[in-house]
Amino acid sequence: AQSVTQLDSQVPVFEEAPVELRCNYSSSVSVYLFWYVQYPNQGLQLLLKYLSGSTLVESINGFEAEFNKSQTSFHLRKPSVHISDTAEYFCAVSEGYSTLTFGKGTMLLVSP
Amino acid sequence: GAVVSQHPSRVICKSGTSVKIECRSLDFQATTMFWYRQFPKQSLMLMATSNEGSKATYEQGVEKDKFLINHASLTLSTLTVTSAHPEDSSFYICSALGPSYEQYFGPGTRLTVT
């Protein structure tokens with residue numbers, strides 16, 4: 001069975017500071033990895049994904065995540081955050097084209 | 001592309017009544033859709049996998065007679081909460097499996113049972 005651990009339930013940062021949201025997973029087979037963002041009272045939006053190839057994946061709004069197989073991690077980073085990045089971030093894993101397993105989420109709180 | 005809608009976005013119903021939530025893939029066909037439930041400040045919990053033209057597959061602990069799922073077409077899946085109780089109040093989110101095997105999520109439905 002697969003599982004996802006997001007160690008931080010909440011991460012407060014100041015605007016323009018760098019941030020890292022941690023995600024570790026466990027699985028017995030190869031996996032696909034995802035980061036989703038959820039704004040209040042909204043559904044989930046895909047931020048970025050790792051399926052294969054380059055272990056460093058980027059989103060259009062400056063986030064990036066690196067797949068580290070040896071550490072079973074897929075941490076999300078942004079070098080400089082904005083107030084508008086305040087949201088809940090979910091890491092998720094799937095084994096092939098199957099159901100997603102989500103972490104508990106990390107609330108990113110960006111203050112001026 | 002790959003837009004998924006849900007209707008209604010919010011619904012309030014009285015205890016004991018039933019409520020139906022629709023999930024539509026607007027610009028692609030989805031043979032598989034998923035229904036999730038999200039409690040406040042918690043993650044999404046998969047309730048069931050809905051396959052077009054066949055019975056849904058429910059996760060352990062989800063009452064199939066209470067949460068009726070119908071996937072009658074390639075663009076529509078419905079979730080009916082029967083005999084709703086206050087503890088069924090939650091945020092329900094659907095997703096549809098797109099052509100690239102990626103899940104596209106709907107905006108969610110906030111159900112409040114009074």
Side-chain angles (χ1 to χ4, degrees), chain A residues 1-12 21-25 30-53 57 59-60 74 76 86-109, chain B residues 1-11 21-26 30-51 56-60 62 79 89-112:
Chain A
Q2 57 200 20
S3 66
V4 178
T5 302
Q6 290 183 247
L7 293 172
D8 306 303
S9 60
Q10 189 168 296
V11 173
L21 306 183
R22 295 179 292 172
C23 172
N24 289 88
Y25 69 92
S30 296
V31 296
Y32 299 152
L33 294 157
F34 306 82
W35 275 101
Y36 287 88
V37 59
Q38 184 181 33
Y39 298 99
N41 295 311
Q42 294 186 30
L44 272 68
Q45 301 174 31
L46 179 66
L47 194 58
L48 45 75
K49 61 185 177 184
Y50 170 78
L51 302 181
S52 64
V57 291
S59 72
I60 58 174
F74 191 55
L76 182 70
T86 294
E88 189 87 27
Y89 292 80
F90 292 97
C91 181
V93 61
S94 70
E95 295 176 352
Y97 303 132
S98 64
T99 56
L100 286 168
T101 299
F102 286 89
K104 292 187 176 181
T106 298
M107 183 66 197
L108 176 62
L109 293 168
Chain B
V3 178
V4 175
S5 70
Q6 276 184 247
H7 178 78
S9 57
R10 290 177 176 270
V11 59
I21 302 170
E22 294 185 347
C23 178
R24 293 181 185 273
S25 56
L26 297 184
T31 56
T32 303
M33 291 184 174
F34 303 91
W35 286 97
Y36 296 85
R37 183 174 180 176
Q38 185 180 30
F39 291 102
K41 300 189 184 299
Q42 293 190 30
S43 187
L44 280 73
M45 300 300 296
L46 179 66
M47 297 175 66
T49 302
S50 167
N51 293 295
T57 303
Y58 290 82
E59 295 299 301
Q60 192 173 7
V62 178
L79 169 68
S89 298
S90 192
F91 195 52
Y92 293 87
I93 302 176
C94 73
S95 71
L97 199 62
S100 58
Y101 295 99
E102 178 180 320
Q103 287 191 38
Y104 297 93
F105 287 82
T109 296
R110 173 76 59 193
L111 171 63
T112 303

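Just so we're on the same page: letters track the sequence lines, and every chain starts at 1.
Remark: B/Gln38 CD to A/Leu44 CG distance equals 7.0 Å, nearest 0.5 Å. Between atom CZ of residue A/Phe34 and atom CD of residue B/Glu102 there is a gap of 6.5 Å, rounded to the nearest 0.5 Å. Interatomic distance, B/Leu97 CG to A/Leu100 CG, rounded to the nearest 0.5 Å: 9.0 Å.
Surrounding CE of A/Met107 are more than 12 heavy atoms belonging to other residues, nucleotides or ligands, all under 6.0 Å away.
For A/Phe90, the part lying near chain B is the side chain, with the backbone staying farther off; criterion is any non-hydrogen pair under 4.5 Å. When heavy atoms are compared at a cutoff of 4.5 Å, B/Leu46 approaches chain A solely by way of its side chain, counted from C-beta outward.
The shortest distance between side-chain heavy atoms of B/Ile93 and A/Gln38 falls below 4.5 Å. Put simply, the side chain of A/Leu46 does not reach to within 4.5 Å of the side chain of B/Phe105, judged on heavy atoms. The side-chain heavy atoms of A/Lys104 and B/Gln42, taken from C-beta on, include no pair separated by under 4.5 Å.
Put simply, of A/Glu88, A/Lys49, A/Gln6, the one with the most heavy-atom pairs under 4.5 Å next to chain B is A/Lys49.
Looking only at distances, no side-chain donor or acceptor of B/Ser43 sits under 3.5 Å from a matching main-chain atom of A/Gly105.
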